[in-house]
Amino acid sequence: MHPIVAIENLKQHVGSTVTMRGWLADKSSKGKLHFLKFRDGTGFVQAVVFKGDVGEGFFDEVGRLGQESSLVLHGVVKSDERAPGGVEVSVVGGEILQKVEGFPITPKEHGPDFLLSNRHLWLRSRRQWAILRIRDCVAKAIRDFYEQEGFICVDSPIFTPAACEGTSTLFEVDYFDEEKAYLTQSGQLYAEASAMAFGKVYCFGPTFRAEKSKTRRHLTEFWMLEPEIAYATLDDVMQHAEDLLCFVVKRVLERRRVELATLERDVAKLEAIVPPFPRLSYDDAHALIEKHAPGQHEHGDDFGAPDETIISNQYQKPVMVHRYPHEVKAFYMKRDPHDARKALCVDVLAPEGIGEIIGGSQREEDLDVLRGRIAEHKLPEEAFSWYLDLRRYGSVPHGGFGLGLERTVAWICGIEHVREASAYPRMMYRIYP
RNA sequence: UCCCCGAUAGCUCAAUGGUAGAGCAUGCGACUGUUAAUCGCAGGGUUGUAGGUUCGAGCCCUACUCGGGGAGCCA
């Protein structure tokens, strides 16, 4: 028996004979040689089978294996400069678990419809392997960052009795007798309650938007991180967002080099993600757009996707745009004491066209002002009675933001579409597999 | 909800209104260093659905279905 070694650890076993358990990713043959691209979930390695080393029976059997056949291989680990990972394995034997024919996803090009319909199998391909391992790394980095910063994870509920902001379209579900529940579109309001109990908190989980958005930036189900910090001002929130993004990018650069290389990501662009990030007021951002595309953006309106592109293209780092007109923002955002027309809010726009990855604000903490806002937005006050209690019992300044995980991963990976940043993306016209 | 585009072999695509094609994949064969290997041979089709125009429709027209991109909205 040889030790079972994961492909990602092969470098530590150069010269010894090991066992690998996995799947055949690809194969090419030349005479008495088979070159197997072998994967085990932790990585990919080339395994070379010489007819003279393994005997004719096993050699011929391996030669007939189709893509994604499952097998166990025994072989000698050799460092080899010709190999992409620095090592390859000379096979001395093995066992075939299943011979596969007709695996649908070949190493050639495919269209998005076909790939998404085969998402359960597409996950095995190199690129998806790299993206989802980076997603895992990002999620872990987020939790590590908050542990380091003294935050407590208090998750918000997924079933909610009503809209959080009263704007987005919600998914409705039956909730026992005659009652309706809605899938959450944001954990923020609950996070505010949690922050009053624990000081610094975050929630991190799935959220749902029933809007009929069909773009490369939208999913109907996505993961959102929402920190909420008692006694925080808008400046604190912006500083916190900058710290978080720098921590996450640095971590991915430390631990996911192979995956970034697989995606052919320009790591210089990620290495440039260091403090400080540019901070731009809404008015400055408007002026910037006016300079590059006169007349495109009307002052007072929210920024559209083309506007965001112009802004983010001016910088190599995420851009923080703050203090939007309050009319285009949510009811719970505090007004700027220096300019009542503005809200104390911030959007963080990622570089390279992915758009907004963070939206946050300082919250209105005054009971009467907040009740007025609810009335102005024509929202039912009853639905917010528990939320208003937070302003009745020990109200303090506070703030936080929401970070879209898939958009963040898409930006870090340098991929076009957020759907690849989710293992099983849910979109308007797609809920299979 | 609105705008644009698409649907032909397992996949990606081609085909002036006139016999439905290629590359890749698959199967068989050759080759001891491949990296999207190469070379030879072979199999593979109700052109998304329904109707219409026409001597004749993959192609033109109408409707529908499914999908893609974008707007709005947002992360």
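Naming convention: chains lettered A, B, ... in sequence-line order (proteins, then strands); numbering from 1 in each chain.
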Base, sugar-phosphate, or nothing: which does A:E226 touch, judged by heavy atoms less than 4.0 Å apart?
-> nothing

Determine the minimum heavy-atom distance between A:H398 and A:E228, stating which atoms define it.
-> CD2-OE2, 3.2 Å

Scanning all shown strands, the Watson-Crick or wobble mate of B:C2 with both distances under 3.5 Å is B:G70

Could you check whether A:G304 gets within reach of a base, just the sugar-phosphate, or nothing at all, counting any heavy atom under 4.0 Å?
-> sugar-phosphate

Heavy-atom donor-acceptor pair, A:T262 side chain to A:V258 backbone, under 3.5 Å = yes

Pair A:Y190 and A:W386, ring centroids less than 6.0 Å apart = yes

Side-chain N,O (A:H110) to OP1/OP2 (B:C24) below 4.0 Å | no

Tell me which residues in residues 20-38 of chain A put a heavy atom below 4.0 Å from RNA chain B, sorted by number, or none.
-> A:D26, A:S28, A:S29, A:K30, A:G31, A:K32, A:L33, A:F35

Using a cut-off of less than 4.0 Å, is there contact between a side-chain N or O of A:R64 and OP1 or OP2 of B:G27?
-> no

Partner of B:G17 by Watson-Crick or G-U wobble geometry, both contacts under 3.5 Å, or none?
-> none

Tell me what A:Y429 touches on the nucleic acid: a base, only sugar-phosphate, or nothing, going by heavy atoms under 4.0 Å.
-> sugar-phosphate

Name the nucleic acid region contacted by A:L405, choosing base, sugar-phosphate or nothing; use a 4.0 angstrom heavy-atom cut-off, strictly under.
-> nothing

Counting heavy atoms from C-beta on, name the nucleotide in B:G67, B:C74, B:A75 closest to the side chain of A:D302.
-> B:C74

B:G21 and B:C55: how far apart are their P atoms, nearest whole angstrom?
-> 26 Å

So what does A:F114 touch, heavy atoms closer than 4.0 Å: a base, only the sugar-phosphate, or nothing?
-> sugar-phosphate

Short side-chain N/O contact from A:R217 to OP1 or OP2 of B:A71, under 4.0 Å = yes

Which of the following nucleotides, B:G72, B:U32, B:G68, is nearest to the side chain of A:A305?
-> B:G72

NA contact type, A:T106, heavy-atom cut-off 4.0 Å: base, sugar-phosphate, or nothing?
-> sugar-phosphate

Does any N or O donor sit under 3.5 Å from an N or O acceptor when you compare the side chain of A:E109 with the base of B:G23?
-> no

Counting only non-hydrogen atoms, which of residues 119-128 of chain A are less than 4.0 Å from RNA chain B?
-> none

Check whether any side-chain nitrogen or oxygen of A:R419 sits under 4.0 Å from OP1 or OP2 of B:G67, and answer yes or no.
-> no

In Watson-Crick or G-U wobble terms, with both distances under 3.5 Å, the base opposite B:G44 is none

If you look at every strand shown and take non-hydrogen atoms under 4.0 Å, does A:D347 touch a base, only sugar-phosphate, or nothing?
-> nothing

Which base sits across from B:U65 as a Watson-Crick or G-U pair, both distances under 3.5 Å?
-> B:A7

Of B:A75, B:U35, B:G67, the nucleotide closest to the side chain of A:Q46 is B:U35

With a 3.5 angstrom cut-off on both distances, give the Watson-Crick or G-U wobble partner of B:U38, or none if there isn't one.
-> B:A30

